[in-house]
Protein chains: 2
Amino acid sequence: MFDKDFSAGYLANHMARLFAIGLQRRIAPLNLAPAQFMTLLELWEDDGLTQAELVGRLDVEQATMANTLKRMARDGLIERKPHPKDGRAQQNWLTERARSLQEPATKAASAVNEAALAGLTQWERTALIELMRNTIANLQKTQRPS
Amino acid sequence: MFDKDFSAGYLANHMARLFAIGLQRRIAPLNLAPAQFMTLLELWEDDGLTQAELVGRLDVEQATMANTLKRMARDGLIERKPHPKDGRAQQNWLTERARSLQEPATKAASAVNEAALAGLTQWERTALIELMRNTIANLQKTQRPS
DNA sequence: TAATTATATATAGCAAGGTATATAAATGGA
DNA sequence: TCCATTTATATACCTTGCTATATATAATTA
């Protein structure tokens, strides 16, 4: 018999939904959505990345990233410019507004993490992170070797 | 500086997406989607639950459940009948087809969990589950006390 | 070089989550 | 009993994800 309350997949889904709500509520005042924040994390590190590069770094489907970038351009977070060496590609450059959001947005995300891990020891926090990373690697292994 | 590869929230989102893909691929042949499976888990236990009861058990928004139930009725998984004691409510009853999916669907879900946790010791698996349950409780605590 | 193959984006369509509203039925008080 | 409040669903609209296709530009190869 299948007990969802001890199923890794069910718990992962539930936990991710709660994290998303927590983040969404805290970055909504910045006019930012969770997937936009995730994309900004990469652009804050390396501005001007192409859609394909972002797809590789964030492990989402190309179509998903295409739509997220379209909304980000619409919301004035990025500007898309033709790639100087590849006529098919576009570079995605942060706007001043997007750059200004780095500090408040990352603080909001850290606050959610802190609230989520409240009461866990440092050892437990590290264990959770490492176990999730291990699980992610396992899942990627079984679904990619296509 | 914010490192997404060690952020509980980011990892939870990534892990949940990978679990969802794994489950979706395995239950697609049954003409079943992940949220439908999650809902069936409750109905297999207690047939005839109302929308409000399912909302409470699965911790999703009422509107989300309303749409999921609509798709399940459309797909012949449930039949909705007026509640005998409450004119506002409807009871959701499993069809024969839905009952027949219990075994293959739960086996598919168990297979995904097994693939995800491959290589982890029993102790590590239990630790991951318990840490996720703890994190879920923390997040519920901070977002509900509305 | 011409033709094929691969790569970068875009778009359509659907599921699942969420917020915000609306409506109808049930409940509780005054 | 009548009115206000609560509860059960439904719906509209938005984001995020996915699959499947289509298109244009590179790259490769015959």
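In what follows, every chain begins at residue 1, and chains take the letters A, B, ... in the order their sequences are listed. Heavy atoms only: backbone and side chains are in, while hydrogens, waters and symmetry mates are out.
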Salt-bridged, A/Glu45 to A/Arg57, with N to O below 4.0 Å?
no
Between C1' of D/dA12 and NZ of B/Lys70, the distance in whole Å:
10 Å
Atom-to-atom span, CD of A/Glu53 to P of C/dA8 - whole angstrom
9 Å
Side chain of B/Asp86 (C-beta onward), nearest among C/dA16, D/dT11, D/dA8
D/dA8
Categorize A/Asn13 for me: base, sugar-phosphate, or nothing, with a 4.0 angstrom heavy-atom threshold over every strand shown.
sugar-phosphate
If you measure from the Lys or Arg side-chain nitrogens to the Asp or Glu carboxylate oxygens, is any gap between B/Arg97 and B/Asp75 under 4.0 Å?
no
Charged N to carboxylate O under 4.0 angstrom, A/Glu130 versus A/Arg125?
no
Taking the minimum atom-to-atom distance to the side chain of B/Arg17, which one of D/dA20, D/dG17, C/dT19 wins?
D/dG17
Name the residue closer to the 5' end of DNA chain D, choosing between A/Gln36 and B/Ala89 according to the nucleotide with the nearest heavy atom.
B/Ala89
Closest to the B/Arg71 side chain: C/dA16, C/dT19, C/dT11?
C/dA16
Report yes if at least one side-chain N or O of B/Thr64 is closer than 4.0 Å to OP1 or OP2 of C/dG18; otherwise report no.
yes
Nucleotide of D/dG17, D/dA12, C/dA16 approaching B/Ala63 most closely (side-chain heavy atoms):
D/dA12
I'd like to know if A/Gln62 reaches the base of C/dA10 with its side chain such that a donor and an acceptor end up less than 3.5 angstrom apart.
yes
For A/Leu49 and C/dA8, give me the distance from atom CG to atom P, rounded to whole Å.
13 Å
Interatomic distance where NE2 belongs to A/His14 and C1' belongs to C/dG18 [whole Å]
14 Å
Can you measure B/Leu18 atom CG to D/dG17 atom C1' for me and round it to whole angstrom units?
12 Å
With nearest nucleotide decided by heavy atoms, which residue, A/Asn67 or A/Gly87, maps closer to the 5′ end of DNA chain D?
A/Asn67
Can you give me the closest heavy-atom contact between B/Ala115 and A/Thr142, atom names plus distance?
CB-CG2, 4.1 Å
Check the phosphate of C/dA10 against A/Arg80, side-chain N and O only, distance under 4.0 Å to OP1 or OP2. Yes or no?
yes
Categorize A/Ala66 for me: base, sugar-phosphate, or nothing, with a 4.0 angstrom heavy-atom threshold over every strand shown.
base
Counting just side-chain N and O atoms, does A/Arg25 come under 4.0 Å of either OP1 or OP2 of C/dT19?
yes
Contact class for A/Thr50 (heavy atom, under 4.0 Å): base, sugar-phosphate, or nothing?
sugar-phosphate
At less than 3.5 Å, do the side-chain atoms of B/Arg88 and the base atoms of D/dT9 form a donor-acceptor pair?
no
Roughly, in whole Å, what's the span from CD in A/Gln24 to P in D/dG17?
13 Å
Can you tell me which nucleotide in D/dA10, D/dT19, D/dT16 comes closest to the side chain of A/Ala33?
D/dT16
Audit row: A/Met132, B/His14, side-chain contact (heavy atoms from CB on, under 4.5 Å) steps and yes/no:
CA-CA 9 Å; A/Met132 286 197 287; B/His14 193 183; over 6 Å; no
